[in-house]
Amino acid sequence: MKQERGYPIVTVTPKGERALKNGHPWVYGAEITRQTGAENGGLVDVVSSGGSYLGTGFYNQRSKIAVRILSRNANDRFDEAFWLRRLEYAVAYRRTVMGPDDFACCRLIHGEADQFPGLTVDRYGNLLSAQVLSLGMERVKSLLFNGLYRLLTEQGERIDGLFERNDAALREKEGLEQGKGWFPLGGAPIPTSPVTEIVENGIRYGVDVENGQKTGFFLDQKYNRRAAGRLAKGRRVLDCFTHTGSFGLNAAKGGAVHVTSVDISAGAIAMAEENARRNGLEGVMDFRTANVFELLTQMAEEKRRDYDYIILDPPAFTKSRQTVRNAVRGYKEINLKAMKLLPRGGYLATCSCSHFMTDELFRDMLRGAAADASVCLRQIEARQQAPDHPILWNVPETDYLKFYLFQVV
């Protein structure tokens, strides 16, 4: 028997009903026809125009996403036991898909893909780094953070602290303030430093959870970096948009003759150089602070053939549908120039981390670039994000990373 319902009711349009029935977890404000007593950050029941129950979720009228669905089971009780079960499921999944070695450095909670809408938690060895982007999650974060800490420590994992990276502009759209700092975990002492060391694919990195990108490091390319490194033996590699050097380091460890890593950020290059020293790879690597677009243009104009392997790992060129066309031009420019710079038989690793740059768009762009460069692409691998960033097929927003390895023939 279904439990007595005590939550405010939100009624949605037929369009909103279809989306929920197809498994999407969001209700947009424009899809709501009526609501009774809903409180921002509180739980609501979502129903169809005919009164059929569709799910329960967090409500926030300030946000374009007015309801974030938590459950479609009318018998669920959203108490501490409910949230602890969700945490156990998420951790058990990572132990399964990442294995004992990679579990020490992985994403533990991936928002909607783990049914924690708006919440990200990454593990960097002894430190956790979290980002909360929804009002509902903000209200239960203390329960979640302490519950995750207890769960991991009971399983024998060493966790010294959790740092909140709530310095994202998206929080303002939820009516939340930006900020960052240590979260007090169950009375445990606050760590003295936000910097820790991780090992990924046998390579050591320094990670700063307070000042690094996103939550401190880009974990989603873990296995793509390893795949790229396998092709590097005996090659001269140009690693573009290197950030802290991860693709270049994998190439150097994979046996590259030499690796040049480039980024526009002097701070990122300094970290990349330190990571090379940390791994004893500085002898086969050099680093340049430069605009990748300008560098590739200059090299193309000079018709240089300095490299037989180019890696392109740019930031997201688009974060909305409105700017996709401009993004396509940006992606095509760097890929076209890379293809022109490579000799026949050279290798290209290229990717996009934008959900709005769909795989179809990305592949079409690559075809156009190859045609304009008068080359053919022999596909070696097509890859996506690591499995600790799971993709829900009914939630296309969780499918965002495209990664391709090619030989230019």
Side-chain angles (χ1 to χ4, degrees), residues 2-3 5-79 82-83 86 109-120 130-144 166-179 318-323 354-356 391-400:
K2 294 180 180 179
Q3 65 165 314
R5 307 304 297 175
Y7 302 116
I9 301 296
V10 168
T11 305
V12 297
T13 63
K15 179 182 178 183
E17 178 184 357
R18 286 194 299 273
L20 291 177
K21 285 184 174 179
N22 287 333
H24 204 280
W26 294 345
V27 176
Y28 294 99
E31 296 169 345
I32 294 177
T33 59
R34 184 171 62 254
Q35 65 91 359
T36 57
E39 174 190 358
N40 287 337
L43 292 167
V44 296
D45 279 344
V46 180
V47 301
S48 68
S49 57
S52 299
Y53 174 77
L54 299 171
T56 302
F58 287 128
Y59 176 79
N60 190 353
Q61 67 175 356
R62 300 187 186 110
S63 174
K64 183 179 178 181
I65 304 170
V67 183
R68 298 172 186 266
I69 296 296
L70 293 171
S71 172
R72 301 166 197 275
N73 184 346
N75 291 310
D76 270 338
R77 302 174 64 89
F78 302 95
D79 53 11
F82 169 86
W83 291 112
R86 285 272 168 95
I109 296 177
H110 188 48
E112 277 75 359
D114 288 299
Q115 298 180 299
F116 290 94
L119 176 64
T120 296
Q131 189 170 77
V132 182
L133 298 179
S134 71
L135 179 58
M137 280 290 130
E138 181 76 16
R139 289 191 169 192
V140 297
K141 72 178 184 182
S142 180
L143 187 160
L144 297 177
N166 291 332
D167 50 347
L170 280 174
R171 280 177 62 89
E172 295 178 359
K173 296 182 179 180
E174 289 278 317
L176 294 166
E177 294 182 356
Q178 293 190 55
T318 177
K319 295 184 179 180
S320 72
R321 289 185 177 85
Q322 289 71 34
T323 59
S354 171
H355 153 67
F356 297 100
I391 297 168
L392 293 185
W393 278 33
N394 53 320
V395 187
E397 291 81 2
T398 62
D399 183 2
Y400 66 94

N/O donor-acceptor pairs under 3.5 Å from side chains in residues 109-120, not counting sequence neighbours:
| unit_1 | atom_1 | unit_2 | atom_2 | d |
| --- | --- | --- | --- | --- |
| H110 | ND1 | R107 | NH1 | 3.2 |
| E112 | OE2 | W26 | NE1 | 2.9 |
| E112 | OE2 | R68 | NH1 | 3.4 |
| D114 | OD1 | R94 | NH1 | 2.8 |
| D114 | OD2 | R94 | NH1 | 3.1 |
| D114 | OD2 | R94 | NH2 | 2.7 |
| D114 | OD2 | H110 | N | 2.7 |
| Q115 | OE1 | R86 | NE | 3.4 |

Go through T33 and V12 one step at a time and tell me if the side chain to side chain contact (heavy atoms under 4.5 Å, CB included) criterion holds.
CA-CA 5 Å; T33 59; V12 297; over 6 Å; no
What verdict does the side chain to side chain contact (heavy atoms under 4.5 Å, CB included) test give for L70 and L43, after you've listed the backbone C-alpha separation in whole Å, the side-chain angles of each residue and the deciding distance to 0.1 Å?
CA-CA 9 Å; L70 293 171; L43 292 167; 3.5 Å; yes
Between R72 (side chain) and G23 (backbone), is there a donor-acceptor pair under 3.5 Å?
yes
Quick one: closest heavy-atom pair of H355 and P396, and the distance?
ND1-O, 3.2 Å
Enter the distance from N73:CG to Y53:OH here, rounded to the nearest 0.5 Å.
7.0 Å
Any sub-3.5 Å donor-acceptor pair from N166's side-chain atoms to V132's backbone N or O?
yes
Listed partners of A168 passing side chain to side chain contact (heavy atoms under 4.5 Å, CB included), at least two apart
Q131, L133
Nearest 0.5 Å, what's the CG-OG distance between L170 and S134?
11.0 Å
Take L135 and F58 through the test side chain to side chain contact (heavy atoms under 4.5 Å, CB included) and record every step on the way to the result.
CA-CA 8 Å; L135 179 58; F58 287 128; over 6 Å; no
Check residues 14-21 and write down every donor-acceptor pair under 3.5 Å in which the side-chain atom is one partner and the other belongs to a residue at least two apart or another chain.
| unit_1 | atom_1 | unit_2 | atom_2 | d |
| --- | --- | --- | --- | --- |
| E17 | OE2 | K21 | NZ | 2.8 |

Those residues at least two apart in sequence (or on a different chain) that pass side-chain hydrogen bond (donor to acceptor under 3.5 Å, both in side chains) with N40 are none
With no hydrogens and no angle check, is any side-chain donor or acceptor of R171 less than 3.5 Å from a backbone partner on E177?
yes
Residues V67, E31; criterion side chain to side chain contact (heavy atoms under 4.5 Å, CB included); working and verdict:
CA-CA 10 Å; V67 183; E31 296 169 345; over 6 Å; no
Considering residues at least two apart in sequence or located in another chain, which fulfil the ring pair (Phe, Tyr, Trp, His ring centres under 6.0 Å) criterion with F82?
F78
Gap separating the CD1 atom of I69 from the OG1 atom of T56, nearest 0.5 angstrom
7.0 Å
Identify, with sequence neighbours excluded, every residue that meets side chain to side chain contact (heavy atoms under 4.5 Å, CB included) alongside V47.
I9, T11
Residues pairing under salt bridge (charged side-chain N to carboxylate O under 4.0 Å, His left out) where one sits in residues 38-57, two or more places apart or in two chains, turn out to be R5-D45, E39-R139
Output all residues satisfying side-chain hydrogen bond (donor to acceptor under 3.5 Å, both in side chains) with S63, sequence neighbours left out; order by chain, then residue number.
E174
Side chain to side chain contact (heavy atoms under 4.5 Å, CB included) with I391: which residues, sequence neighbours excluded?
Q384, Q385, W393, T398, D399
Between G37 and P8, the two heavy atoms sitting closest are O-CG, 3.4 Å
Taking the side chain as every heavy atom from C-beta outward, state whether K173 and R62 have any atom pair closer than 4.5 Å.
no
